[in-house]
Amino acid sequence: MDAFASRRADELATLLALHEQGSFAAAGRQLERHPTVLSKRLSALEARLGIRLVERSTRQLRFTDEGERLVAKVREANRLIAEAEQEAAEGAATVRGRLRLALPAAMGRRWLSGMLADFVLAYPQVTVEAEYADRFVDLIGEGFDAAIRIGELVDNRLVARKLCDHRRILCASPEYLARHGVPVQPEQLNDHNCLCFSGLRSFPEWRLMSGERQVNVKVAGSLRSNDNEALLEAARRGVGILAGGDWLMGEDLASGRLVRVLPQWQLDVAAGIYLVRPTARLNTAALGAFKAWLEDRFRAGAPWRS
């Protein structure tokens, strides 16, 4: 029988209450049970163990030597359980332990790796295992504590905290636009060399939105890749027009190496950047600290927009 089965626990609780209170009536008041219930529990315990634990009379109870020894052992077990619970509670309150994170590859390397390094310095008792990949990670199946997701969330098994909006914009180098002209309507993208990210959900279609208007353009060009950073380098060198997150192009836009194309339009307007975790996973102190750490760094807005 399981040592933690409810019936067995009730029997041992009865034994301790009888030893402390000295009568079935007093023990019944302590446990909020009728004395006859406690008498049946004690009899069941004695029958299971095959030994007399308490000598009963109409006036008093007397514990046998075996009963006294069992009471002492059960009290010691209770003390150990209480210590274990206290240790667990302290572990939840202290920021320590292991944190396994799934991070997007390019965006993670560019913007999150520094934040993660600072987090580890601030919480030296936390061991972080970070996997950078653009593949879709199964948080539950692969045992991750949390992930950063870009786009629209479709998995309702996840608890999500939106860190910021995700703006997927169009840009090109000034040299490219000087050679090929500046498109002023989405349909004119058909006349341009578009750098195609094959990881886009709507690939090879760019679904552009401006206010209530939506225009879908099936783009084509001389270079396609599943790596955003490779396409960014091509855009810098004047190869074509790139659609990508502003986290990818922010520094180049600020320096003038790239300029916005169709600035009133963008892709995936409902998308965001989220911290997500499985609903079934407990929110440990380490995960709570990491969540607060990220939220603080995104509180003033996305760092690539500052």
Side-chain angles (χ1 to χ4, degrees), residues 102-114 130-137 147-152 163-210 214-274 302-305:
L103 306 174
M107 185 268 198
R109 289 192 300 267
R110 184 177 290 259
W111 294 105
L112 300 178
S113 59
E131 179 176 315
Y132 291 82
D134 284 324
R135 68 183 181 89
F136 186 85
V137 173
I148 300 296
R149 290 272 170 88
I150 302 174
E152 297 184 56
L163 299 172
C164 66
D165 293 328
H166 179 229
R167 301 174 187 170
R168 192 183 294 273
I169 59 177
L170 306 181
C171 71
S173 70
E175 294 77 16
Y176 173 87
L177 296 175
R179 293 196 308 269
H180 300 281
V182 178
V184 294
Q185 294 295 333
E187 293 83 358
Q188 293 176 320
L189 292 172
N190 289 315
D191 301 323
H192 283 267
N193 194 42
C194 294
L195 303 173
C196 301
F197 176 55
S198 58
L200 186 66
R201 180 176 298 180
S202 62
F203 175 83
E205 193 173 66
W206 287 356
R207 297 173 182 172
L208 293 157
M209 296 194 69
S210 177
Q214 177 174 333
V215 177
N216 298 339
V217 181
K218 189 172 183 179
V219 295
S222 59
L223 180 62
R224 68 172 60 179
S225 175
N226 66 344
D227 186 83
N228 272 312
E229 291 177 305
L231 296 176
L232 175 64
E233 185 59 32
R236 289 168 176 164
R237 294 171 182 262
V239 176
I241 297 175
L242 174 63
D246 60 348
W247 60 264
L248 178 69
M249 305 184 244
E251 294 173 332
D252 289 279
L253 290 170
S255 69
R257 294 176 68 178
L258 298 176
V259 295
R260 289 283 302 271
V261 174
L262 298 173
Q264 302 304 316
W265 297 81
Q266 67 180 64
L267 286 73
D268 303 328
V269 292
I273 296 176
Y274 299 88
W304 49 87
R305 297 173 195 155

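Throughout, numbering of the chain's residues begins at 1 and tracks the sequence.
Residues Leu248 and Glu229 are in side-chain contact: their nearest non-hydrogen atoms beyond the backbone lie under 4.5 Å apart. The closest side-chain heavy-atom distance from Val259 to Leu177 is below 4.5 Å. Proximity of Ile241 to Leu262: side-chain heavy atoms (C-beta onward) are nowhere separated by under 4.5 Å. Proximity of Gln266 to Arg168: side-chain heavy atoms (C-beta onward) are nowhere separated by under 4.5 Å. Proximity of Ser222 to Val239: side-chain heavy atoms (C-beta onward) are separated by under 4.5 Å at one or more points. Within the 4.5 Å cutoff, no side-chain heavy atoms of Trp304 are placed close to those of Arg110. For the pair Leu267/Leu170, a side-chain contact is recorded, criterion being any heavy-atom separation below 4.5 Å from C-beta on.
For the atom pair CG of Leu231 and CE of Met249, the computed distance is 10.0 Å after rounding to the nearest 0.5 Å. Rounding to the nearest 0.5 angstrom, the gap separating the CG atom in Leu112 from the OH atom in Tyr132 is 6.5 Å. Atom CH2 of Trp265 sits about 15.0 Å away from atom CZ of Arg207, to the nearest 0.5 Å. A distance of 12.0 Å separates OH of Tyr274 from CD1 of Ile148, quoted to the nearest 0.5 Å. Note: Glu205 CD to Asn216 CG = 4.0 Å, rounded to the nearest 0.5 Å. The CG atom of Leu242 lies 10.0 Å from the CZ atom of Arg236; values are rounded to the nearest 0.5 Å.
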Is there a side chain to side chain contact (heavy atoms under 4.5 Å, CB included) between Asn228 and Trp247 once you walk through the steps?
CA-CA 11 Å; Asn228 272 312; Trp247 60 264; 4.3 Å; yes

With side chain to side chain contact (heavy atoms under 4.5 Å, CB included) as the criterion, how do Ile169 and Leu253 come out once you've worked through the C-alpha distance, each side chain's angles and the decisive distance to 0.1 Å?
CA-CA 11 Å; Ile169 59 177; Leu253 290 170; 3.6 Å; yes

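The two residues Trp206 and Leu200 make their nearest non-hydrogen contact at CD1-CD2, 3.7 Å. Of all the heavy atoms in Ala235 and Leu195, the pair that sits closest is N-CD1, 3.6 Å. For Ala230 against Ser225, the heavy-atom pair with the smallest separation is CB-OG, 4.3 Å. Of all heavy-atom pairs between Pro174 and Gly256, the closest is CG-O, 3.7 Å. Closest non-hydrogen pair, Gly221 versus Asn193, comes out as CA-OD1, 3.0 Å. Minimum interatomic distance between Met107 and Ile273 (heavy atoms only, all atoms of both residues): CE-CD1, 3.7 Å.
For Gln188 (side chain) and Gln185 (main-chain N/O), a donor-acceptor pair under 3.5 Å exists by modelled atom type. Asp134 places a side-chain N or O within 3.5 Å of a backbone atom of Ala105 that can act as its donor or acceptor partner. Between the side chain of Ser173 and the backbone N or O of Leu258 there is no donor-acceptor pair closer than 3.5 Å.
Using cut-offs of 30° and 60° on the angle between ring planes, the pair His180 and His192 is perpendicular.
Glu175 and Arg179 are not joined by a salt bridge, as no carboxylate oxygen comes within less than 4.0 angstrom of a charged side-chain nitrogen.
Under a cut-off of 6.0 angstrom, the local environment of CZ in Arg224 is sparse, with at most 12 non-hydrogen atoms contributed by other residues, nucleotides or ligands.
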